[in-house]
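Below, all heavy atoms of this structure are taken into account, side chains as well, without hydrogens, waters or symmetry copies. This one's a predicted model, so the numbers in the text were calculated from it and none came from an experiment.
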Amino acid sequence: MSLVARVAGVRERLDGIDALLVTDLTNIRWLTGFSGSNGWAVVTPDRVTIFTDGRYGVQAAQQMSAAGFDGEVAVGATGGAMLDELVARTRGLGRLGFEAPHVSYQQHGQFAATVACTLVATSGLVEAGRRIKDDTEIAAIERACAIADQALAEVAPALADGLTEAQVRNRLELRMRELGASGPSYDTIVATGPRNGALPHHRPTDTVIEEGHLVVVDVGALVDGYHSDMTRTFVVGEPSAQQRELYELVLAAQVAGVAAVAPGLVARDLDGVCRGIIADAGYGDWFTHGTGHGVGLLIHEDPFVNKASDVTLQVGDVVTVEPGVYREGFGGIRVEDLVVVTSNGCRVLTASAKDSPCPPFPPTT
Ligand code: ZN
Ligand code: ZN
C-alpha cells in the first residue's frame with residue numbers, strides 16, 4: 001500500500017470533521033514517512049502538511065519525497081512558531097479533529113486557545129488503517145523475526161554455560177545488531193529460575209542461570225522501524241515432572257491459539273482458546289496476562305488479544321500468541337509466536353523451534 005492510499009483511508013474516516021490534526025509520531029511516520037522526534041501533521045481532503053522544528057524541516061521533505069508522497073512542510077523555530085504556523089494553515093477548516101488518546105491536557109489547552117477551528121476529539125482514525133500491514137511492512141517484520149531466530153539459535157547453547165541473565169541479553173542484542181537489526185525491538189527479557197521467571201516482564205539481572213532452571217527468553221529485533229516479538233522457554237538440564245507437564249500445557253495452549261487464528265475471529269475468543277486449555281488443567285490463575293497484541297511500528301499496538309477485547313481479526317493483522325504460566329517458587333513458562341492473519345488462517349513469522357522439553361541447545365525441530 002502506498003502512502004497515498006494510507007492517507008486516502010484516513011480521509012474516508014473523516015466522519016463529521018473537515019481535517020485531522022495528527023500528533024502521534026508513530027501515526028505521522030506511518031502516514032508520511034517522516035520519522036523525526038517532533039512534529040504534527042494535518043490531513044485535509046486535498047493536502048497533508050507536516051509541522052516541525054528547524055532540526056527536521058529538510059528531513060521531513062526528504063522522507064516524504066523518498067516515500068513518493070507529495071506533502072507540504074511548515075517549519076517553526078520554536079514550539080510557539082510551530083503553533084503559529086498551525087494556526088495560519090488551519091484557518092477556515094471548520095471542524096478539526098484531534099487525536100484524543102495522544103494529546104495532553106496542556107497541549108489541548110494550547111490548541112484550543114489558538115487554533116481558529118472547532119476542535120473535535122477523535123480516536124483511532126489512523127490506527128484503524130495502521131493495524132492492517134501491507135507487504136512492505138510484513139517483509140520488514142519477517143526480516144526482524146528471522147534476525148531474532150538466528151540470534152537465539154546461536155546464543156541458546158550458552159544458557160548451559162553458567163552465564164547471567166544480563167550476559168545472555170547482551171549476546172542476543174549484539175548478535176541482532178550484527179545480523180542487521182537497528183537494535184532490539186524492546187528490552188530483551190531473560191528470566192531464570194523460580195523467582196525471576198515468575199515475573200512475566202522481568203528485567204535481566206546478574207542472576208546466574210543454573211541447572212534445573214526454567215529460562216524465559218523474550219527477544220525481538222527492529223528493522224526499518226518494524227518490530228518482531230518471540231518468546232521461548234528453556235530448561236537447563238533434565239526437566240522435573242512439573243516443568244515438563246507445564247511446558248507441554250503451555251505449548252498445547254499456544255499451538256491451539258495459533259491454529260485458531262483466522263479473519264473474523266473475535267480477539268477475546270482467541271484469548272479464550274489459550275486460556276481455556278490452561279484453566280481446564282487447573283492453572284488458570286497462573287496465566288496472568290493477555291494472550292497477545294498487535295505488532296508493527298510499535299511493539300504493542302492494536303489489536304490487543306485479551307479477555308475483554310471485542311475487536312475482530314482481519315487479514316493483515318500481525319499479532320502475537322503468547323500464553324504463559326508464572327508462579328513464585330516455580331518460575332515461568334511462556335511460548336510466543338508472531339503471526340500474520342491471512343485469508344485462510346495465519347502464517348507464523350517466527351521460526352524458532354518449540355521442542356518439548358526445550359533444552360538449551362540448538363532445537364531439533
Ligand atoms: Zn514478547
Ligand atoms: Zn509480546
Fill in the blank from the handout: Those residues at least two apart in sequence (or on a different chain) that pass salt bridge (charged side-chain N to carboxylate O under 4.0 Å, His left out) with D337 are R232, K354
Exercise for the section: Report the residues that fulfil salt bridge (charged side-chain N to carboxylate O under 4.0 Å, His left out) with D18, sequence neighbours left out, ordered by chain and then residue number. Expected result: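 Testing D18 for salt bridge (charged side-chain N to carboxylate O under 4.0 Å, His left out), a comparison that skips the adjacent residues, returns none.
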In one Ile/Leu/Val/Met/Phe/Trp/Tyr side-chain cluster, 4.5 Å: [X], [Y]:
| X | Y | value |
| --- | --- | --- |
| I209 | L199 | no |
| L93 | V22 | no |
| V340 | L298 | no |
| V190 | F234 | yes |
| V305 | L265 | yes |

Practice task
Would you mind checking if D161 and R171 are paired as a salt bridge, meaning a charged N to carboxylate O distance below 4.0 Å?
Solution key: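 Answer for the salt bridge query: no.
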Problem - Salt bridge flag under 4.0 Å for residues E301 and K133 - result: yes
If you count every heavy atom of other residues, nucleotides or ligands that lies below 6.0 Å from [X] atom [atom1], does the total exceed 12?
| X | atom1 | value |
| --- | --- | --- |
| R55 | CZ | yes |
| R11 | CZ | yes |
| D15 | CG | no |
| Q106 | CD | no |
| D70 | CG | no |

Exercise for the section: Assess whether side chain to side chain contact (heavy atoms under 4.5 Å, CB included) is satisfied between D224 and R143, documenting all intermediate values. Expected result: CA-CA 10 Å; D224 295 340; R143 178 82 190 116; over 6 Å; no
Report yes if some heavy atom in the side chain of [X] is under 4.5 Å from a heavy atom in the side chain of [Y]; otherwise report no.
| X | Y | value |
| --- | --- | --- |
| L21 | E99 | no |
| Y326 | H202 | no |
| V235 | Y247 | no |
| C145 | M230 | no |
| L96 | V115 | yes |
| V319 | V339 | yes |
| P200 | T288 | yes |
| V217 | L172 | yes |

Handout entry: Test side chain to side chain contact (heavy atoms under 4.5 Å, CB included) applied to T78 - qualifying residues, sequence neighbours left out
Key = A81
Handout entry: Partner residues of R29 under the side chain to side chain contact (heavy atoms under 4.5 Å, CB included) criterion, sequence neighbours left out
Key =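 Checked R29 against side chain to side chain contact (heavy atoms under 4.5 Å, CB included); matches are S35, L297.
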Practice task
Mind telling me whether F304 and H293 have parallel, tilted or perpendicular rings, with 30° and 60° as the class edges?
Solution key: tilted
Exercise for the section: Can you label the angle between the F51 ring and the W40 ring as parallel, tilted or perpendicular, going by 30° and 60°? Expected result: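 Correct class here is tilted.
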Handout entry: Atom pair CD/CD of E211 and E238 - distance to nearest 0.5 Å
Key = 9.0 Å
Handout entry: From CD (Q63) to OG1 (T32), nearest 0.5 Å
Key = 7.5 Å
Where do [X] and [Y] come nearest, in terms of heavy atoms and distance?
| X | Y | answer |
| --- | --- | --- |
| C274 | G257 | SG-CA, 3.7 Å |
| G68 | V4 | O-CG2, 4.4 Å |
| E72 | M64 | O-CE, 3.6 Å |
| L125 | V10 | O-CG2, 3.9 Å |

Partner of [X] by side chain to side chain contact (heavy atoms under 4.5 Å, CB included), out of [options]:
| X | options | result |
| --- | --- | --- |
| R275 | I278, I277, D271, V273 | D271 |
| H227 | I299, I141, V318 | I299 |
| T114 | L86, T90, L83, D84 | L83 |

Using modelled atom types and a 3.5 Å cut-off, is there a donor and acceptor pairing between side-chain atoms of [X] and backbone atoms of [Y]?
| X | Y | value |
| --- | --- | --- |
| T350 | L338 | yes |
| R244 | P239 | no |
| Q254 | V321 | yes |
| R177 | S182 | yes |
| D218 | I189 | no |
| E173 | T188 | yes |
| R95 | G16 | yes |
| R131 | D317 | no |
| S228 | A221 | yes |
| Q59 | Y56 | no |

Exercise for the section: Any chance you could lay out the side chain to side chain contact (heavy atoms under 4.5 Å, CB included) test for V73 and F34, step after step, and finish with the verdict? Expected result: CA-CA 10 Å; V73 180; F34 171 54; over 6 Å; no
Are side-chain N/O atoms of [X] and [Y] paired as donor and acceptor at under 3.5 Å?
| X | Y | answer |
| --- | --- | --- |
| D229 | T320 | no |
| E165 | T192 | no |
| N38 | T52 | no |
| H102 | T23 | no |

Exercise for the section: Could you walk me through whether V311 and D302 pass side chain to side chain contact (heavy atoms under 4.5 Å, CB included), step by step? Expected result: CA-CA 9 Å; V311 62; D302 294 333; over 6 Å; no
Problem - ring-ring contact (aromatic ring centres under 6.0 Å, His included) partners of F69, counting only residues at least two apart - result: none
Practice task
Mind checking ring-ring contact (aromatic ring centres under 6.0 Å, His included) for F98 and listing every partner two or more places apart, or none if nothing turns up?
Solution key: H108
Exercise for the section: Test ring-ring contact (aromatic ring centres under 6.0 Å, His included) on Y186 and H300 and set out the steps. Expected result: CA-CA 10 Å; Y186 46 87; H300 297 119; 7.5 Å; no
Exercise for the section: Evaluate the criterion salt bridge (charged side-chain N to carboxylate O under 4.0 Å, His left out) for residue pair D134 and R6; output intermediate values, then yes/no. Expected result: CA-CA 10 Å; D134 61 32; R6 293 178 187 179; 2.8 Å; yes
